[in-house]
J.: 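Got a structure for you, written out below as structure tokens; questions coming shortly.
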Amino acid sequence: MSKTECLKQLQSYRFAAYDMLLYLDTHPTDKKAFAMYKELVEKMKKAKMEYEKNYGPLTPFSAAKFGEFTWLEGPWPWEKEANA
Amino acid sequence: MEKEMNYNAPSCIYPACGCVGYGYVPVQEMGETFCPMTALQNGTIFPELELTICEYGTVCKKWGGGADV
């Protein structure tokens, strides 16, 4: 999977999990919704790990998981190279 | 015994009667959901909430609204 596809996948899981969270705010006892929420959060975590393993940390705190401090490497999200 | 909080309790006992003076929002029920990629595209995981600006404010989809009027 390419970098942009990998990021898009993560964004879609994160978006879906957050939308389900908003639904649960008003339906806290909805079992099916909660099961779907847990599944989406699981997928989001895996997608984030997958992305970071290949393309580096997404947040400064994720940088702590690496052998060395790589947070300053690579293009910043707003730079052209990051949006190729 | 402290009355158990019912999140879906309507504000008026009989909202279906449409009595004036009470505001109420029909509670959304869990139905189908879009897959994450489609949901990101549509801005929601719930098909019933996917409304274009011209759909919203006119007759809702159930009553024939939604066509690009």
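Chain letters run A, B, ... following the sequence lines, proteins first and then strands; every chain starts at 1.
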J.: Select one option (side chain, backbone, both, neither) describing which atoms of A/Asp30 are under 4.5 Å from chain B's heavy atoms.
T.: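 Looking at A/Asp30, just its side chain touches chain B.
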J.: Which pairs of donor and acceptor atoms, one on a side chain in residues 38-46 of chain A, lie under 3.5 Å apart (sequence neighbours left out)?
T.:
| unit_1 | atom_1 | unit_2 | atom_2 | d |
| --- | --- | --- | --- | --- |
| A/Glu39 | OE2 | A/Lys43 | NZ | 3.2 |

J.: If every non-hydrogen atom of B/Gly31 is compared with every non-hydrogen atom of A/Lys32, which pair is closest and at what distance?
T.: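 Shortest heavy-atom separation between B/Gly31 and A/Lys32 comes out as O-NZ, 3.8 Å.
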J.: Might you point out which heavy atoms bring A/Met20 and B/Phe46 nearest each other, and give the distance in Å?
T.: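 Nearest heavy atoms, A/Met20 then B/Phe46: SD-CZ, 4.5 Å.
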J.: From A/Phe15 CZ over to B/Met37 CE, what is the distance, rounded to the nearest 0.5 angstrom?
T.: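 The distance works out to 12.5 Å.
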J.: Answer yes or no: are there more than 12 heavy-atom neighbours, outside A/Tyr55 itself, under 6.0 Å from its atom OH?
T.: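 Counting other residues, nucleotides and ligands, OH of A/Tyr55 exceeds 12 neighbours.
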J.: Got a sec: does the CD of B/Glu29 have more than 12 other heavy atoms crowding it under 6.0 Å?
T.: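 Open: at most 12 neighbouring heavy atoms sit under 6.0 Å from CD of B/Glu29.
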J.: Check whether more than 12 heavy atoms from other residues, nucleotides or ligands sit under 6.0 Å from atom CD of B/Gln28, and answer yes or no.
T.: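 Result for CD/B/Gln28: enclosed.
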J.: Between B/Thr38 and chain A, which part of the residue has a heavy atom less than 4.5 Å away: side chain, backbone, both or neither?
T.: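 Neither part; nothing is under 4.5 Å.
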J.: Count the heavy atoms belonging to other residues, nucleotides or ligands that lie under 6.0 Å from NZ of A/Lys80, then report whether that count exceeds 12.
T.: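 Check fails, neighbour count at 12 or below.
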J.: Atom CZ of A/Arg14 and atom CG of B/Leu40: how far apart are they, to the nearest 0.5 Å?
T.: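 Going from the CZ atom of A/Arg14 to the CG atom of B/Leu40 covers 12.5 Å.
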